[in-house]
Enquirer: 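Take this structure first; my questions come after.
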Amino acid sequence: MISNSLRRPFPRDPEPEERRGKGMTIGEVARSSGVTAKMIRHYEALGLIPAPLRSAAGYRYYDETALHEIRFIRQARSLGFGLPQIAELLILWRDRGRASQEVKALAEAQLQALEQKIVELQQMQQSLRRLVSQCHGDERPDCPILDELATEKSEKSGKKGCHDGGG
């Protein structure tokens, strides 16, 4: 049995009157936005969202604007935008007088990057499909998949890749 002198009270949740008018807790924003509390703190640390108000006990309280911005970040991430591009998009979104051509230029650049990535993934898929079709997949030790992985790119194509010191 634990002695009474060693027991410590659990931290209490803020009282409703303490919270009144301060906004949503990080847990509430996380549930409402679909973004984890850890990522919300990360976005705050990066400066993507402003630091929220804090209670005397240090609890973060977010307003509706912060919730909308966190949802905005989640949606932009789902379209493959990186954090630097998201920062630019947030600046543009917050500026109601922005020119839409700047937004479109960022979106077009992202679309081009995605299209390039799709081409690269399709090439990887074709290579892997070829290797899988060449492998017997039985008890024999010879394996064209492992042989291909062990072959230097420069041996096959005559070119050096980024990992071979050539680019």
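Just so you know, residue 1 is the first one in the sequence shown, and it goes up from there. Note: hydrogens, waters and symmetry copies are ignored here, and every other heavy atom, side chains too, is used.
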Enquirer: Determine whether Q134 and E148 make a side-chain contact, defined as any pair of heavy atoms from C-beta on separated by less than 4.5 Å.
Expert: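 Result no, sub-4.5 Å side-chain heavy-atom pair not found.
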Enquirer: Would you call I70 and V29 a side-chain contact if the rule is heavy atoms closer than 4.5 Å?
Expert: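 Of all side-chain heavy-atom pairs linking V29 with I70, at least one is under 4.5 Å.
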Enquirer: Taking all heavy atoms of G23 and all of Y61, pick out the closest pair and write down the distance.
Expert: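 G23 and Y61 have their closest heavy atoms at O-CD2, 3.9 Å.
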Enquirer: With rounding to the nearest 0.5 angstrom, report the CD to CD distance, E108 to Q101.
Expert: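 Nearest 0.5 Å value for the CD-CD distance: 10.5 Å.
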Enquirer: Any side-chain heavy atom of L92 within less than 4.5 Å of one from L106?
Expert: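 Yes, their side chains come closer than 4.5 Å.
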Enquirer: Is there side-chain contact between R130 and Q126, with at least one heavy-atom pair below 4.5 Å?
Expert: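 Result no, sub-4.5 Å side-chain heavy-atom pair not found.
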Enquirer: Checking the side chain of S127 only, and the main-chain atoms of Q123 only, is there a donor and an acceptor separated by less than 3.5 Å?
Expert: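 Indeed, once roles are kept as given, a pair shorter than 3.5 Å links the two residues.
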Enquirer: Among I49, L67, L48, L90, whose side-chain contact (heavy atoms from CB on, under 4.5 Å) with F72 holds?
Expert: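 Looking at I49, L67, L48, L90, the match for F72 under the side-chain contact (heavy atoms from CB on, under 4.5 Å) is L90.
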Enquirer: Can you list every pair that meets side chain to side chain donor-acceptor pair (under 3.5 Å) and has a residue in residues 37-50, with sequence neighbours left out?
Expert: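 Pairs touching residues 37-50 that pass the test: E44-R60, E44-Y62.
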Enquirer: How long is the straight-line distance from CD1 of I73 back to CG of L89, given to the nearest 0.5 Å?
Expert: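 It is 10.5 Å, given to the nearest 0.5 Å.
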Enquirer: Just how far is it from atom CD of Q122 to atom NZ of K117, taken to the nearest 0.5 Å?
Expert: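 Going from CD on Q122 over to NZ on K117, the span is 12.5 Å.
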Enquirer: Is it possible for you to say whether L128 and M124 belong to one hydrophobic cluster, with membership spreading through side-chain heavy-atom contacts below 4.5 Å?
Expert: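 Different clusters: L128 never reaches M124 through Ile, Leu, Val, Met, Phe, Trp or Tyr contacts under 4.5 Å.
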Enquirer: Quick test of your reading: applying salt bridge (charged side-chain N to carboxylate O under 4.0 Å, His left out), list the pairs with at least one residue in residues 74-103, sequence neighbours left out, ordered by first then second residue.
Expert: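 Residue pairs with at least one partner in residues 74-103: E69-R94.
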Enquirer: Can you tell me how far apart CD (Q125) and CD1 (I118) are? Round to the nearest 0.5 Å.
Expert: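 Taking CD in Q125 and CD1 in I118, the distance rounds to 12.0 Å.
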Enquirer: Indicate if M39 and L79 have the same hydrophobic cluster label, given that clusters are the connected sets of ILVMFWY residues with side-chain heavy-atom separations under 4.5 angstrom.
Expert: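 Linked within one cluster.
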Enquirer: Hydrogens and angles aside, do E120 and Q116 bring a side-chain donor and acceptor to less than 3.5 Å of each other?
Expert: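 Yes, side-chain donor-acceptor contact under 3.5 Å.
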Enquirer: Considering non-hydrogen atoms only, spot the tightest contact between F81 and A107 and give its length.
Expert: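 For F81 versus A107, the nearest heavy atoms are CZ-CA, 4.0 Å.
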Enquirer: For the residue pair L83 and L46, what are the closest heavy atoms and their distance?
Expert: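 Closest approach of L83 to L46, heavy atoms only: CD1-CD1, 3.5 Å.
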Enquirer: If every non-hydrogen atom of L131 is compared with every non-hydrogen atom of P144, which pair is closest and at what distance?
Expert: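 Reported closest heavy-atom pair: CD2-O, 3.7 Å.
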Enquirer: So, for I26 and A37, which heavy atoms are closest and what is the spacing to 0.1 Å?
Expert: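 So the minimum-distance heavy-atom pair works out to CD1-O, 3.6 Å.
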